[in-house]
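In what follows, a structure is listed as structure tokens, so that the remarks can point back to it.
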Amino acid sequence: MYFRILAKDHVSTFVEGLAHVYEVFAPVKNESGFSFEQVSDGSSIVLDYPMTIIPPKKYFVRSKESLFRYDTHSGDVVESELEVTPRVLFGVHACDINALLMTDKVFLGDYEDPYYKARREHTLIVGVSCMPVLTCMCDTWGTGEVQQGCDLFLTDLGDRYFVTCHSVEGAHVLDTFADTHEATAEDTKALEEHLRAFREAFSRPVDATSLQLLFDAKYNDELWEEIGEACLSCGACSAVCPTCYCFDVNDELDADGNAGARVRCWDSCMNSQFAEVAGGHDFRPTRASRVRYRFYHKFWSYPARYGKTLCVGCGRCDVACKVNINPRRIIGALQEGARS
Amino acid sequence: MKKTHVPVDSSQAYRELRQNPYRPWPARITSITKLTDTETLFELRIIDHKVREQFNFNAGQFMELSIFGVGEAPISISSAPSKKGFIELCVRNAGSVTGALHKMRCGDIVGLRGPFGRGFPFEDMKGHDVLMVAGGLGIAPLKSLINHIHDERHEFGKVTILLGARNPSEILFRQQFDMWRHRDDFNLIMTVDTPDETWDGEVGLVTKLFDQIEVDPAKTVGVICGPPVMYRYAIDEMRKKKLPVDRIYLSFERRMKCGIGICNHCGIGHKYACIDGPVFNYWEAMNLQEAM
């Protein structure tokens with residue numbers, strides 16, 4: 001691996017250099033918290049943020065996008081190109097990078113989603129280390145570190161970053177736009193200290209032993225009625241979730257009726273009618289059945305298909321849910337009987 | 001700033017590489033046959049001749065039907081794969097897309113994507129007796145299978161079709177099936193919940209018809225398609241006839257939106273009706289939460 005040291009003083013220059021060639025998106029502070037926004041001025045970005053409200057999935061799975069436009073009469077697709085601009089997402093946490101690897105499995109499977117793929121291929125990702133807040137549980141899923149999925153990763157060593165280059169394009173932009181120097185033995189020691197402090201900062205361990213089996217066996221547990229009773233079906237959990245990717249597809253017709261667009265937008269399996277078929281039969285008519293479906297998808301179905309839990313422990317749903325429904329609570333309740 | 005334009009649906013790439021699986025092919029309505037008050041059989045022809053010539057499918061697969069300006073709906077194919085150049089969809093007027101389709105005329109343009117999903121295991125079924133149970137609109141995907149079996153009738157043993165509907169006027173393809181009642185290569189028994197003066201067939205639930213048939217469990221494949229409530233009862237009857245769990249095939253209805261295993265609308269347990277189904281065997285279905 002190619003390692004470099006980037007002084008914190010030099011981050012602004014690096015970002016501004018990148019902004020000449022790429023659209024750069026980075027966490028900035030606003031009234032309600034932190035969010036990824038386009039930046040040109042390096043001084044506006046905040047790299048030691050707890051979490052952004054909406055994860056960076058918004059750059060790959062757009063909250064709303066036109067798939068194509070068509071001529072209503074001939075059925076011909078009249079717009080046939082997706083415009084993608086080379087981008088850098090600067091300052092992405094490890095959990096959110098790992099989340100993208102999970103949505104990759106879905107969007108780049110047997111059928112490739114060309115929109116997602118084009119955006120993924122034209123976006124550089126610069127990760128940044130973080131320290132856990134109370135809601136974080138990446139320690140449970142091993143998603144607090146990055147093995148792949150980004151181009152550069154910056155680990156905070158106080159006054160400088162330990163930069164890991166994961167791709168040649170990452171190394172190239174670093175060499176071109178950033179003033180860095182070689183890592184010394186002292187830097188490596190500081191890295192170890194950071195990693196130790198990171199590990200020790202988690203204070204609320206979650207027991208995920210035999211989780212899939214417990215989910216399966218307790219499918220009809222009364223827990224789901226209880227949780228369904230509390231759930232508001234607001235869908236906030238899936239909007240803020242970096243691994244929720246369900247979408248709906250609709251047609252939008254121009255005012256003159258001659259042309260229209262096929263548009264997709266974020267959807268949530270929490271919404272009533274999500275599993276309704278023509279004629280009105282609903283396979284998940286109750287809130288209990290919908291909230292259960294969501295957790296089963298994360299902890300049973302996705303792992304059964306792709307071998308990994310569909311949760312990176314970012315804790316956003318924990319913050320967003322007004323009635324305290326979150327993986328930590330659900331897993332705790334499912335484990336209760338199995339505990340000694 | 002350098003912008004890159006990535007082709008997402010160059011026609012050729014779409015045809016040959018299926019580069020953009022969301023893009024429908026324009027297709028023309030070539031024939032409309034009203035079957036009942038709510039169901040109509042539409043025959044469609046994909047306009048692009050190259051696509052049309054390459055088009056192939058298995059019985060049990062489905063298409064995504066576009067009405068431009070209204071939206072898309074998944075519809076199972078009713079015609080047999082041997083009917084080249086045309087695709088028949090038996091459509092119930094039950095939503096915005098199917099409602100708009102019912103207002104269209106011959107010559108009008110719709111969009112088609114597909115075929116999607118896993119159909120019936122036609123090759124594996126050869127050499128077996130086939131016992132089909134259909135309720136209501138459930139006959140739509142089975143019609144494709146029935147026609148395909150008809151094309152290669154000598155490959156199959158005894159073929160039995162148990163067909164149920166609420167009343168005689170709701171029986172799909174009734175004219176054809178009325179004639180089939182007198183054939184000796186298909187044993188077709190129809191039943192209705194509520195008879196009228198035109199009805200001289202059976203009365204009662206489709207599951208009652210199992211009393212009238214003989215099944216050799218060692219060489220029979222079961223196939224079930226119908227309204228959600230029907231599956232459990234029909235499976236029970238097949239199990240009573242000793243059919244093994246992995247030789248009972250079920251075709252499920254779900255709201256497939258993307259058709260390609262992404263949007264998650266058709267999730268059944270850890271499977272998707274659109275890419276893993278809509279046909280599952282009972283062993284698979286037993287292991288899927290919410291399947292029935």
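In what follows, chains are A, B, ... by sequence order, proteins preceding strands, each numbered from 1.
- The minimum heavy-atom distance linking A:Y302 with A:T309 is given by the pair CD2-C, 4.3 Å.
- Only the side chain of A:D267 comes within contact range of chain B, with heavy atoms under 4.5 Å apart.
- When A:R262, A:H297, A:E276, A:R264 are compared by the number of non-hydrogen pairs under 4.5 Å with chain B, A:R262 comes out ahead.
- Neither the backbone nor the side chain of A:T103 comes within less than 4.5 Å of any heavy atom of chain B.
- Ring geometry, A:F25 versus A:Y59: the interplanar angle falls from 30° to 60°, so the pair is classed tilted.
- Only the side chain of B:I275 comes within less than 4.5 Å of a heavy atom in chain A; its backbone stays farther off.
- Atom CZ of B:R118 sits in a crowded spot, with more than 12 heavy atoms from other residues, nucleotides or ligands closer than 6.0 Å.
- Donor-acceptor pairing under 3.5 Å is recorded for the side chains of B:T30 and B:E43.
- With a threshold of 4.5 angstrom between heavy atoms, A:E121 does not approach chain B through any atom at all.
- B:N93 does not touch chain A: none of its heavy atoms, backbone or side chain, sits under 4.5 Å away.
- Contacts between B:T38 and chain A at a heavy-atom distance below 4.5 Å are absent for every atom of the residue.
- When every heavy atom of A:S238 is checked against every heavy atom of A:S268, the shortest pair comes out as OG-OG, 2.6 Å.
- Between A:R305 and B:Y272, the side chains place no donor N or O within less than 3.5 Å of an acceptor N or O (distance only, hydrogens not considered).
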Applying side-chain hydrogen bond (donor to acceptor under 3.5 Å, both in side chains), run through A:Y219 and A:R292 and close with a yes or a no.
-> CA-CA 8 Å; A:Y219 184 77; A:R292 180 175 64 185; 3.1 Å; yes

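- Proximity to chain A is absent for every atom of B:F252, based on heavy atoms less than 4.5 angstrom apart.
- Of the listed residues B:R92, B:E72, B:M256, the one with more heavy-atom pairs under 4.5 angstrom with chain A than any other is B:E72.
- Heavy-atom pairs under 4.5 Å with chain A peak, among B:P228, B:P74, B:S96, at B:P228.
- Looking at A:D248, both its backbone and its side chain come within 4.5 Å of chain B, counting heavy atoms on both sides.
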